[in-house]
Amino acid sequence: MAKAAAKTELQAPPEKLVQRRWGDAVFERTSLLTALSVFALLALTGYELAHGSRLALHKFGWRFLAGSEWNPVSEQLGALPFIFGTLVSSAIALLIAVPLSIATAVYLTELAPQWLRQPLTLFIELLAAVPSVILGLWGIYVMVPWLREHLFPLLKTTFGFLPLFQGPIYGVSMLAGGIIIAIMIVPIITSVSREILRSVPGLQREAAYALGATRWEVTRIAVLGYAKKGLFGAVILGLGRALGETMAVTMVIGNTPQIKASLFAPGYTLASVIANEFTEATTDVYLSALFEIGLVLLGVTILVNVAAQLLLKTFGGPGVKPQN
Amino acid sequence: MNLTMTPQEDKPAPAPPVEPPAVPVRVEAPAAPQSRAAAEPPAGAPALTVRKLSVYFGATQALKSVSLDVAVHAVTAIIGPSGCGKSTFLRSLNRMHELVPEARMEGEIRLFGQDICSPGVEPVTVRRRIGMVFQKSNPFPTMSIAENVTVGLRLNGERRRSVLNDRTEQSLRMAALWDEVKDRLGAPAISLSGGQQQRLCIARALAVQPQVLLMDEPASALDPLATSKIESLILELKKEYTIVIVTHNMQQAARVSDYTAFFYLGELVEFGPTAKMFTSPAKKRTEDYVTGRFG
């Protein structure tokens, strides 16, 4: 009797352990499932786009990517002007936004007096919260006229020898699109860069200060050197936004499917053409072509991100990475 | 050399060897190593003269009217329990404490007679003459071993390859690291072990040929073997440099230093030759601390 009692007492604890591990397994499986749903979502999006565009895929094949004609009436549909427009407007946006954002982030973390840091950060985050259609309205009624009257003529007289700044000035243009995207991605690049720069250890700065470095030298050798990998990540995050930006760009880029060297000429982007034309897509092939535009946009975005990741792996040194 | 090394409470301060000019002049960093010897006064005069130094962080006073002399070509150890102000003292010697926004300082610090705290003197120039090594090694991770050594020189505008190469070898030899890294100077600095990284940081500080080297617990994050390497390095370096070292480790202070200062609650309790401090200290509190009765 006593023996049996002792036996059950000994056996009891392992059972409890087993139960606890089972709960842990449930937790693990559930989180695995939610993590996998990310893959499922992306795969499903890709599948739906491919399924929707099967008519166009079948009709145009690879010519869809190379064709520069966009004529829904004669069903001559090619995506090249849109790909061009998306890449060029995003490139302009990055050229403007990256120096601006990183300089702002450096000021915020390294130079600004304490009392200014919080309000400035708040305003940058508010800028990110401005709905893109409002920026677009401002773009049409304020920015574009100003560009047409002041900035573009100045660019034309100063840099008119470059093909980039030749030709008639309409106001709505590739450059206007690029500028509005730049305004939209500055807050994201700035706030991610700020986080990256804040994560540079104080000991790195002290090392430079102790060598007699000035504030600029400390920033250059200790902060930017350490953070460059992370800053590159911040830029890629901004690029992702730029490629997919729709509303504000549509309102100022001019929506003309053409490939022109001049930045004053109107353009069109992949995102804009979908937003503009899906309500008027009357034929099945036309609608299917818009789906394929969406597929191309998804492809371009993924390609750019993968290329950036590879670049980072190849050339990136040690240092902090973005935590996203 | 030990003639000036008596506690300042007992004896009036010796007159600074060089009369300071009425108008504060900007202290220039030595552009070339040759100028270093010329700037030094005859042996015996203190390298650093600290008078009535008080440091405040906001409302709290971290240092209370500290006066002491740091002897040339000797090791001065600063000991004391945590929070006693020894790191603050060390950092104020090359004005690193100013990196804390609300830091404030009273008193006087002279480097070979020149006032380094007056408003006309830029901290940048002070730090080029008074180098610093930190508790945790902090090489620049994106730079190679050689680049880490020469970064200070390059900040000073030195561009000549031959000079940079010479100084790299010279500094790494002085830091007792040359033989371990001479075949991979281009390798990233963070590929080195912890002890090697700390010696690299010492080489980096030496490369600009400072007049004084400050060390803030340079071996506290290292294993015993790496620690003993750093300690023998310190003994080697004092032939050419004036060293001030903060340490938590009393045996270390006893092993490497010529003079020891004991700080407690922001005050300098006692200062004197290390042998005396550890065998027959004048103050009861010093004795309690060095014998391990508190702290």
Side-chain angles (χ1 to χ4, degrees), chain A residues 102 106-121 193 196-235 311-322, chain B residues 27-30 90-91 93-102 122-144 147-157 188-191 197 200-202 204-210 213-216 221:
Chain A
I102 292 182
V106 164
Y107 180 71
L108 274 174
T109 53
E110 308 298 319
L111 305 170
Q114 290 294 333
W115 61 267
L116 190 60
R117 294 186 184 195
Q118 210 49 45
L120 210 55
T121 309
S193 301
I196 299 286
L197 295 180
R198 270 159 55 112
S199 67
V200 174
L203 213 55
Q204 285 289 315
R205 294 186 181 88
E206 289 192 342
Y209 274 120
L211 287 168
T214 61
R215 284 215 281 196
W216 157 240
E217 287 162 345
V218 170
T219 305
R220 185 166 57 85
I221 65 175
V223 179
L224 292 179
Y226 194 91
K228 64 183 173 195
K229 204 169 177 175
L231 292 178
F232 188 78
V235 170
L311 216 72
L312 201 60
K313 274 226 170 81
T314 322
F315 299 108
V320 279
K321 293 168 203 156
Chain B
V27 181
E28 287 300 330
L90 193 78
R91 295 166 78 88
L93 292 181
N94 70 346
R95 296 176 63 179
M96 286 289 282
H97 73 287
E98 289 173 17
L99 299 182
V100 179
E102 64 270 30
E122 284 183 39
V124 166
T125 54
V126 172
R127 292 176 197 143
R128 288 185 187 187
R129 294 173 66 175
I130 306 180
M132 190 160 195
V133 176
F134 297 85
Q135 181 173 3
K136 204 168 165 291
S137 64
N138 52 0
F140 297 119
T142 51
M143 294 186 194
S144 71
E147 284 169 340
N148 260 286
V149 176
T150 57
V151 62
L153 287 171
R154 286 183 281 126
L155 284 179
N156 281 338
I190 48 168
S191 65
Q197 285 191 22
L200 178 64
C201 292
I202 294 173
R204 180 176 65 187
L206 295 178
V208 290
Q209 302 200 307
L213 189 61
L214 309 177
M215 299 178 131
D216 191 357

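Sequence lines set the chain letters: A, B, ... in the order given, protein chains first and strands last, and positions in each chain run from 1.
- Here the closest non-hydrogen pair linking B/A221 and B/Q135 is CB-O, 4.0 Å.
- For B/L99, the part lying near chain A is the side chain, with the backbone staying farther off; criterion is any non-hydrogen pair under 4.5 Å.
- For B/R95, no part lies under 4.5 angstrom from a heavy atom of chain A.
- Results of the side-chain contact (heavy atoms from CB on, under 4.5 Å) test with B/R204 over B/N138, B/V149, B/T150 single out B/N138 as the only residue that passes.
- Contact of A/R220 with chain B is made through the side chain alone, with heavy-atom distances under 4.5 Å.
- In this structure, chain A has no heavy atom under 4.5 Å from any part of B/L214.
- Checked by atom type and distance alone, the side chain of B/N148 pairs as donor or acceptor with a backbone atom of B/F140 at under 3.5 Å.
- With a 4.5 Å cut-off on non-hydrogen atoms, B/F134 touches chain A through its side chain but not through its backbone.
- Among pairs with a residue in residues 106-119 of chain A, those fulfilling side chain to side chain donor-acceptor pair (under 3.5 Å) read A/E110-A/R205, at least two apart in sequence or across chains.
- Heavy atoms closer than 4.5 Å to chain A are found in the backbone of B/P139, but not in its side chain.
- Rounding to the nearest 0.5 angstrom, the gap separating the NZ atom in B/K136 from the CG atom in B/D216 is 13.5 Å.
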